[in-house]
**Q** 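Just passing along the structure, written as C-alpha cells.
Every heavy atom of this structure was used, including side-chain atoms; hydrogens, water molecules and symmetry mates were not.
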Amino acid sequence: MTAKSSEQRILAAIRAIPRGQVAGYGEVAQRAGLPGRARLVARVLGNHDEPDLPWYRVLRSDGRIAFPEGSRGFREQSQRLRAEGVRVENGRVRRVKPAPDLDEALWGPGAG
DNA sequence: AATTTGACCCGTC
DNA sequence: AGACGGGCCAAAT
C-alpha cells in the first residue's frame, strides 16, 4: 500500500484544529508535512466532501477569511467561527497575540 | 501544450 | 495596514 496521499494528510491536519481556534492555510500545510503547499490546502478544501470537516477554522495568514466579503462562504465561515466563540471582526479574526521578542522585553520602552 | 486561474504565503517597502 | 514580486502546484481554458 502506498503512503497516504497529501490530500488525506491535509484533511487530517484540518481536523486536528482545536475547536474555537483557527489556523492558516500555510500552517495547515506545514502541519500536514507539506511546507509551501498552502495553495494545495485551499484546493483540497474546495474539493472536500466531508460534512464534519472544520473547514471554517482555516483562514488566511493575515487572519482574514479567504472568501470575498459578502460572499456566501464568507458569511457562513464567520458565523460558524462566532458559533465557536471566535471573535470575528470585519472579516478578520483576532489571532493570538505573538510572544514579544526577548530584545523587546529587555531593550523595549522603559528599559532605558 | 502554453496561459490563466485559484478558499495562498513570505519578505520587503 | 496595504502594495509588489517571487514561489508554489494542480485544474481549467
**Q** Evaluate the side chain to side chain contact (heavy atoms under 4.5 Å, CB included) criterion for residues A:Leu34 and A:Arg9: first the C-alpha distance (whole Å), next the side-chain angles of each, then the deciding distance (0.1 Å), finally the verdict.
**A** CA-CA 9 Å; A:Leu34 303 166; A:Arg9 288 197 292 267; 3.7 Å; yes
**Q** List in chain and number order the residues that pass salt bridge (charged side-chain N to carboxylate O under 4.0 Å, His left out) with A:Glu76, two or more places apart in sequence or in another chain; answer none if no residue qualifies.
**A**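 Only A:Arg72, A:Arg80 meet the salt bridge (charged side-chain N to carboxylate O under 4.0 Å, His left out) criterion with A:Glu76.
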**Q** Any salt bridge (charged side-chain N to carboxylate O under 4.0 Å, His left out) involving residues 15-30 of chain A? Give me the pairs, sequence neighbours left out, ordered by first then second residue.
**A**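 Listed once each, the pairs are A:Arg15-A:Glu50, A:Glu27-A:Arg31, A:Glu27-A:Arg95.
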**Q** Determine whether A:Leu45 and A:Tyr25 satisfy the following criterion, side chain to side chain contact (heavy atoms under 4.5 Å, CB included), listing intermediate values before the conclusion.
**A** CA-CA 10 Å; A:Leu45 273 174; A:Tyr25 288 84; 3.5 Å; yes
**Q** Evaluate A:Tyr56 against A:Gln79 for side chain to side chain contact (heavy atoms under 4.5 Å, CB included), listing each step before the verdict.
**A** CA-CA 9 Å; A:Tyr56 49 86; A:Gln79 192 164 14; over 6 Å; no
**Q** Please walk me through it: do A:Ile65 and A:Leu59 pass side chain to side chain contact (heavy atoms under 4.5 Å, CB included)?
**A** CA-CA 5 Å; A:Ile65 292 179; A:Leu59 309 167; 4.0 Å; yes
**Q** Could you give the distance separating C:dG5 and B:dA7 at their C1' atoms, to the nearest angstrom?
**A** 22 Å
**Q** Can you give me the closest heavy-atom contact between A:Gly24 and A:Val58, atom names plus distance?
**A**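 For A:Gly24 and A:Val58, the tightest heavy-atom pair comes out as C-CG1, 4.3 Å.
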**Q** Produce the list of close N/O pairs, under 3.5 Å, pairing protein atoms with atoms of nucleotides 11-13 of chain C; give distances to one decimal.
**A**
none

**Q** Contacts to DNA chain B from residues 26-33 of chain A, heavy-atom cutoff under 4.0 Å, which residues?
**A** A:Gly26
**Q** Any chance you could measure A:Arg64, atom CZ, to A:Ser78, atom OG, to the nearest 0.5 Å?
**A** 14.0 Å
**Q** Please report, rounded to the nearest Å, how far the P atom of C:dC9 is from the OH atom of A:Tyr25.
**A**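 Going from A:Tyr25 (OH) to C:dC9 (P), I get 19 Å.
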**Q** Find the distance A:Ile10:CD1 to C:dC9:P and express it as a whole number of Å.
**A** 12 Å
**Q** Could you tell me the separation between the CG atom of A:Leu53 and the CD1 atom of A:Ile14, rounded to the nearest 0.5 Å?
**A**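 Separation between the atoms: 5.0 Å.
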**Q** Contact list please: residues 60-68 of chain A against DNA chain B, heavy atoms, distance less than 4.0 Å, in numerical order.
**A** A:Arg60, A:Ser61, A:Ala66, A:Phe67
**Q** Which atom pair, heavy atoms only, marks the closest approach of A:Arg57 to A:Ile17?
**A**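 Result for this residue pair: NH1-O, 2.7 Å.
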**Q** Considering non-hydrogen atoms only, spot the tightest contact between A:Trp55 and A:Phe67 and give its length.
**A**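 Closest approach of A:Trp55 to A:Phe67: CZ3-CE1, 4.1 Å.
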**Q** Taking the basic N atoms (NZ, or NE/NH1/NH2) and the acidic carboxylate oxygens, is any pair closer than 4.0 Å for A:Arg43 and A:Glu7?
**A**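 So A:Arg43 does not pair with A:Glu7 through a salt bridge.
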**Q** Dump the pairs, protein N or O against N or O of nucleotides 6-8 of chain C, anything under 3.5 Å, distances to one decimal.
**A**
{"unit_1": "C:dC8", "atom_1": "O3'", "unit_2": "A:Arg37", "atom_2": "NH1", "d": "2.9"}
{"unit_1": "C:dC8", "atom_1": "O2", "unit_2": "A:Arg39", "atom_2": "NE", "d": "3.4"}
{"unit_1": "C:dC8", "atom_1": "O2", "unit_2": "A:Arg39", "atom_2": "NH1", "d": "3.0"}
{"unit_1": "C:dC8", "atom_1": "N3", "unit_2": "A:Arg39", "atom_2": "NH1", "d": "2.5"}

**Q** I'd like to know whether CD of A:Glu84 has more than 12 heavy-atom contacts from other residues, nucleotides or ligands below 6.0 angstrom.
**A**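 Counting neighbours around CD of A:Glu84, more than 12 heavy atoms of other residues, nucleotides or ligands fall under 6.0 Å, so yes.
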